[in-house]
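To start, the structure under review is shown below, and the notes come after it.
Quick caveat, the model's predicted, so the values are computed rather than measured.
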Amino acid sequence: MPVLKGLDTTMELTRHAQALKEQGYAFALRYYSHNAAKNLSLGEARALSQAGLALGVVWETSGTRAGFFTRAQGLADGAAAFQMARDVIGQPFGSAIYFAVDYDPTQPDLDGAVSNYFTGVHAALYVAAEGKPSYRVGVYGSGLCCGTLVERGQATLSWLSQSTAFAGSRLYAEQKRYDIIQLLPVRIPGADGVVLDIDPDATHPDRDGGLFMV
């Protein structure tokens with residue numbers, strides 16, 4: 001399986017789909033959240049898919065500190081992400097929803113707050129899908145975070161943050177334990193002279209990253 005070239009951004013990409021395809025991008029990672037301005041829309045998902053780009057999604061809100069992460073928050077976020085994926089986008093079951101841990105958590109954070117959050121996410125997806133398989137749970141974060149949650153089975157996929165100073169991230173990247181890896185931000189041309197602020201990404205050569213089309 002070849003390594004796929006991708007990107008992630010908070011910018012809406014509908015009009016830029018063909019320009020991205022022509023630059024060799026194979027996938028785009030976009031957002032689910034409570035902020036409609038940065039969320040993936042159905043029209044955008046269809047435009048990207050029609051241009052031949054696969055999609056990935058991450059649930060990201062305010063996960064920048066340990067105090068955000070609780071089982072109750074995981075239940076709420078898991079339910080909201082499931083609703084957006086199934087009812088708004090029509091994301092196919094079997095693909096992934098990544099959940100963001102947007103800081104450098106310590107091992108005690110991962111053993112406590114973050115672990116509790118992902119327990120809530122799994123419970124919410126189980127209830128929403130009436131106990132049937134639905135979406136794979138991924139984690140976006142540091143190498144320590146990704147490795148810990150995957151090893152425990154609390155996430156089945158990992159998207160490694162670009163922040164190489166985070167705990168365990170350099171080793172996680174060198175060992176290619178990720179499903180998707182994020183690189184440092186760049187600016188690229190979009191359609192009609194628009195410049196896009198993006199983070200480049202790449203898939204692991206032997207894994208699908210939980211990507212999908214609609």
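Of the possible donor and acceptor atoms, none in the side chain of Ser161 sits under 3.5 Å from a partner among the backbone N and O of Ser142. With hydrogens and angles disregarded, no donor-acceptor distance shorter than 3.5 Å links the side chain of Arg65 to the backbone of Tyr103. The main-chain N or O of Gln23 is found under 3.5 Å from a side-chain atom of Lys5 such that the two form a donor-acceptor pair.
No side-chain heavy atom of Leu149 sits less than 4.5 Å from a side-chain heavy atom of Ser158. Counting heavy atoms from C-beta on, the side chains of Val194 and Arg15 come closer than 4.5 Å. Between Val137 and Gln154 the shortest side-chain heavy-atom distance does not fall below 4.5 Å. Within the 4.5 Å cutoff, the side chain of Phe68 has heavy atoms near those of the Asp77 side chain.
Note that CD1 of Ile89 and OG of Ser95 are 11.0 Å apart. Values are rounded to the nearest 0.5 Å. Separating the OG1 atom in Thr148 from the CD atom in Gln107 is a distance of 4.5 Å, to the nearest 0.5 Å. With values rounded to the nearest 0.5 angstrom, Leu110 atom CG is found 11.5 Å from Asn116 atom CG. Rounding to the nearest 0.5 Å gives a distance of 9.5 Å between CZ of Arg30 and CE of Met11. Here the CG atom belonging to Asp102 is positioned 8.0 Å from the CZ atom belonging to Phe166, to the nearest 0.5 angstrom. Rounded to the nearest 0.5 Å, atoms OG (Ser169) and CG (Leu144) are 8.5 Å apart.
Note on Arg136 versus Asp208: salt bridge recorded, some NZ/NE/NH1/NH2 to OD/OE distance being below 4.0 Å. Ion pair Asp111/Arg152 flagged as a salt bridge, since at least one NZ, NE, NH1 or NH2 atom sits closer than 4.0 Å to an Asp/Glu carboxylate oxygen.
With Leu7 as the partner, the side-chain contact (heavy atoms from CB on, under 4.5 Å) test is satisfied by one option alone out of Leu13, Asp199, Leu196: Leu13. The side-chain contact (heavy atoms from CB on, under 4.5 Å) with Ile188 is formed by just one residue from the set Leu20, Thr9, Asp197; it is Leu20. With Ile181 as the fixed residue, the side-chain contact (heavy atoms from CB on, under 4.5 Å) test singles out one of Leu160, Thr203, Asp201, Val3: Leu160.
By the 4.5 Å side-chain criterion applied to Ile, Leu, Val, Met, Phe, Trp and Tyr, Tyr140 is assigned to a cluster that also includes Leu4, Phe27, Leu29, Tyr31, Val58, Tyr98, Leu157, Trp159, Ile180, Leu211.
Of all heavy-atom pairs spanning Gly74 and Ala124, the tightest one is O-CB, 4.3 Å. Contact detail for Gly153 and His122: the closest heavy-atom pair is O-NE2, 4.1 Å. Closest of all the heavy-atom pairs between Phe69 and Ala100 is CZ-O, 3.8 Å. Contact between Leu75 and Ala123 at its shortest, heavy atoms only, is CD2-CB, 3.7 Å. The two residues Met1 and Asp206 have their closest heavy-atom pair at SD-C, 4.1 Å. Nearest approach of Glu12 to His16, heavy atoms of both residues: O-CD2, 3.8 Å.
The hydrophobic clustering, which links ILVMFWY residues whose side-chain heavy atoms are closer than 4.5 Å, places Leu40 and Tyr25 together. Hydrophobic clustering (ILVMFWY, side-chain heavy atoms < 4.5 Å, transitive): Val214 and Leu48 are in one cluster.
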Under 3.5 Å, sequence neighbours excluded: what are the donor-acceptor pairs made by side chains of residues 125-135?
residue : atom : partner : partner atom : Å
Tyr135  : OH   : Arg86   : N            : 3.3
Tyr135  : OH   : Gln91   : O            : 2.7

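The number of heavy-atom neighbours closer than 6.0 Å to CZ of Arg177, taken from other residues, nucleotides and ligands shown, is above 12.
Residue pairs meeting the salt bridge (Lys or Arg N to Asp or Glu O under 4.0 Å) criterion with at least one partner in residues 55-64, sequence neighbours excluded, are Lys38-Glu60.
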